[in-house]
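Encoded as structure tokens, the structure appears first; notes follow it.
Reckoned from all heavy atoms, side chains included, excluding hydrogens, waters and symmetry mates. In this chain, residues are counted from 1 in sequence order.
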Amino acid sequence: MDFESQETRRSQYMNDENVHFEVNEGAEYVEFDEEVSETEATEDPEHSATQATQAVRKRRKTSRVWKDFEPVGIESDGKERSKCIHCEAKFVTNSRTHGTHHLLRHLEKCPKKPKEGDRHVYDHQVDREMMSEIIIYHDLPFRYVEYEKVRARDKYLNLDCQPICRLTATADVFKRYEIEKDKLREVLAKHDGRVCFTSDLWKDTCTNTGYICLTAHFIDSSWRLSSKILNFCYLKAPHTGEEMANKVMECMKDWGVEKKVFSITLDNAGNNNSMVRLLQGRFELVNGGGLLCDGKFVHVRCCAHILNLIVKEGLELAKDLLENIKESVTYVKSSQGRKEAFHACALREGFKKSGLSLDVATRWNSTYEMLVRALKFRKAFEYLSVYDLNYKSLPSEEEWNRGEKLCEFLKPFYVITNLFSGSKYPTSNVYFTQVWRIQLLLMKFSSCDDAALADMAERMQVKFDKYWEDYSLVLAMGAVLDPRMKLYLLEKAYEAVDPLTAKVKVKELKDNLILLYNDYVARARPSSRVTTIPTPQELITESPLEDDDFDIDIFDLERSIGTGVSNTKTHLDIYLEEPRLDRASFPSYDVLGYWKDNQHRFGELAKMARDLLSIPITTVASESAFSIGSRVLTPYRNRLLPDNVQALLCTRNWLRGFAESEEDENNNQPNENAISGLRAGESSMP
């Protein structure tokens, strides 16, 4: 592009009120959209640097090569790639470090790219397979294939196109489900480690039908965290612990993973407790399987659910404190006219948007979001009270100040909830540091000058002690297996809370760590092997030409002595005695990468770390499936059979992951709030 045309284009866009530019010296002008969704920058309760990053749109791709390439995203090596739509070859594509010349060169010699003038041959079977993918990917009804205009467009594109009915589309989707299920079953069969599970119940409000979701979490051979929905199936009423245990066991046997169970994460419902007790007994009866340490660590309670109970307990006392703020938000959002009047008041204060949000009774973090957004438009509410005489609930200066203090109090809990809810990175190793932070926060606010906040913190402390007075041992082990922490840092954390019990708690943690490690070692050692040591006479008399003589190993002498008197250190001892990595030098260290690089050096300890780090500390994965399920089962689509619901949701998850939209799918990075919370948590450790 020559200089004059570039300047002309710039001047045209600079006159457009809906466009702004980010100009870097020596770079082309990059165009961004001004409009941002309500859930993004202007209403993001986290006023941080990540807000600007999330609000900015990606650079517009203008090169002709993008007609033949589609973005893959950032892969495990940290590089952004795109793939050819013809041969699926992948290439690094970064606008700052790579151009498009290498993509053009590939297109010139791509063996599968159609030549100009070639007529594409219609394949009915391929058309059906693509149509089934469209239905699965985009949550479309089976009747989509019978839409009049869809069929008309297909005929326009290719006169040979043969339309299919919704029954055929249903059969194609189910066939794809069976194909993908066999692929996943093979992956699980080859997986040589343990598998962690989450499970939860969901009730379809349209049909009052109950479903149970079972999700598997494991770290694959490439040391990447994988989360797959195994089942989303109908559960007949009543939803007792026995009925749930029967269904979960049936699903696990169908997948062949009943011998590989490490843990199952559940919320605090009473039927879940009885389900786990029944499952433990059945797992122990599995031949050649059984649970590690007799099932001592199998039950993991959902941390996000517990944190929700703790914060809601405190917010019960804050209802009166927030009454006028909530009434003000409700007043504005109750009619279109009031929204427009409030928007005019916000414009006067320099805000281009005036988004407010109401809280939801079942989600405490919605109360925090309501407070943050209301405080942002504090002056706008004051202007509204002047112009709208019907507005009577303007909070006083004291109430606004109390709201600010409450936001300061709730913000760490909000960040920790986001961190706990991650599904693309390990969370078991961050459990200890974040629960420890919560305990210190409650101790701090329990003795603050504000009596109302102190009462809230004390009430929350009671609920905290009920669930987390004794930290989860199996999740605390995840922190020990972080090479930046180990036992030393956990001991310092215990001392910061209660110096009198720190030594006892560290000893209990270490004893259980040794217990679990010894179970891994015992299961790895062949039980049927009997080592016999030949006598000197046998060594002399045996023929030197026999092949068996070459199998004699001098280290068999040490193994035959037994582990009781061995003077060698275990891999666990070696790991714990090695110096910790400096947290300042490794603020966002890849823990899985560490164990991947050291798996051969640490043997069974690395396998134990792989299983421990795959434990999900929340049931967010199952809840994400429910969010997608509510779009599959709608009032206009409430006659789907449970088997078809399962086929649609599971196949979608296997093909796309837990992404609820294309934007979510392209974002392969961990939650920015979670990362910032993680770093904040690390920096606060002693």
Side-chain angles (χ1 to χ4, degrees), residues 192-194 219 223 262-263 290-294 296-297 426 428-433 436 470-495 501-527 529 531 553-583 585-586 589-615 682 685-686:
D192 60 350
R194 294 267 169 169
I219 294 173
W223 288 81
F262 184 86
S263 68
L291 298 171
L292 292 164
C293 301
D294 298 325
K296 184 175 184 178
F297 309 117
S428 60
N429 60 313
V430 302
Y431 159 84
F432 182 91
T433 56
W436 176 79
D470 296 323
Y471 290 21
S472 170
L473 289 172
V474 69
L475 296 180
M477 292 179 195
V480 175
L481 295 176
D482 187 330
R484 299 166 298 173
M485 298 185 65
K486 301 191 178 182
L487 280 172
Y488 171 79
L489 210 57
L490 268 68
E491 183 176 356
K492 292 298 181 182
Y494 279 129
E495 289 176 356
T501 61
K503 295 289 184 183
V504 176
K505 290 181 178 179
V506 170
K507 183 180 183 303
E508 182 185 12
L509 176 58
K510 186 174 182 179
D511 289 343
N512 281 275
L513 193 64
I514 294 172
L515 176 67
L516 182 60
Y517 172 74
N518 288 339
D519 200 344
Y520 269 86
V521 173
R523 291 171 185 267
R525 186 183 300 120
S527 58
R529 178 180 176 184
T531 304
D553 184 358
I554 192 171
F555 292 102
D556 284 338
L557 296 172
E558 179 188 21
R559 286 192 286 267
S560 66
I561 296 173
T563 57
V565 294
S566 174
N567 60 355
T568 59
K569 291 183 178 180
T570 66
H571 290 129
L572 179 60
D573 295 331
I574 295 172
Y575 168 76
L576 293 177
E577 291 176 5
E578 287 183 352
R580 295 183 298 108
L581 296 180
D582 182 26
R583 291 181 297 109
S585 303
F586 302 94
Y589 190 67
D590 181 9
V591 179
L592 289 182
Y594 170 86
W595 287 105
K596 178 183 179 180
D597 296 339
N598 292 275
Q599 58 181 313
H600 300 297
R601 188 162 71 92
F602 286 122
E604 295 305 316
L605 180 63
K607 293 182 179 180
M608 185 178 87
R610 182 175 64 176
D611 295 339
L612 274 170
L613 293 173
S614 65
I615 299 176
E682 289 170 347
M685 290 293 288

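For the side-chain contact (heavy atoms from CB on, under 4.5 Å) test with Phe297, the passing option among Asn512, Leu475, Ile615 is Asn512; the others fail.
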Handout entry: Residues Val591, Leu481; criterion side chain to side chain contact (heavy atoms under 4.5 Å, CB included); working and verdict
Key = CA-CA 8 Å; Val591 179; Leu481 295 176; 6.0 Å; no
Practice task
Test Tyr520 against Asp611 for side-chain hydrogen bond (donor to acceptor under 3.5 Å, both in side chains), laying out the working first.
Solution key: CA-CA 11 Å; Tyr520 269 86; Asp611 295 339; 2.5 Å; yes
Practice task
Step by step, work out the side chain to side chain contact (heavy atoms under 4.5 Å, CB included) result for Gln599 and Arg610.
Solution key: CA-CA 9 Å; Gln599 58 181 313; Arg610 182 175 64 176; 5.9 Å; no
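Side chain of Arg484 to backbone of Asp582: no donor-acceptor contact under 3.5 angstrom is found. Without hydrogens or angle criteria, Tyr488 side chain to Arg580 main chain gives no donor-acceptor distance under 3.5 Å. Panel note: side chain Thr501, backbone Val504; no donor-acceptor pair is recorded below 3.5 Å. A donor-acceptor distance shorter than 3.5 angstrom exists from the side chain of Asp519 to the backbone of Cys293, with no hydrogens or angles considered. Counting only distance, with no hydrogens or angles, the side chain of Ser428 and the backbone of Leu612 share a donor-acceptor pair below 3.5 Å.
Between Val480 and Leu576 there is a side-chain heavy-atom pair separated by less than 4.5 Å.
Taking CG from Leu513 and OH from Tyr575, the interatomic distance works out to 9.0 Å, rounded to the nearest 0.5 Å. In this structure, Trp223 CH2 and Tyr594 OH are separated by 11.0 Å, a value rounded to the nearest 0.5 Å.
Ring geometry for Tyr517 against His571 counts as perpendicular: the plane angle is over 60°, on a 0 to 90° scale with 30° as the lower cut.
Using a cutoff of 4.0 Å between basic side-chain nitrogens and carboxylate oxygens, Glu604 and Lys607 are scored as salt-bridged. Under a 4.0 Å N-O distance rule, the pair Lys503/Glu491 qualifies as a salt bridge.
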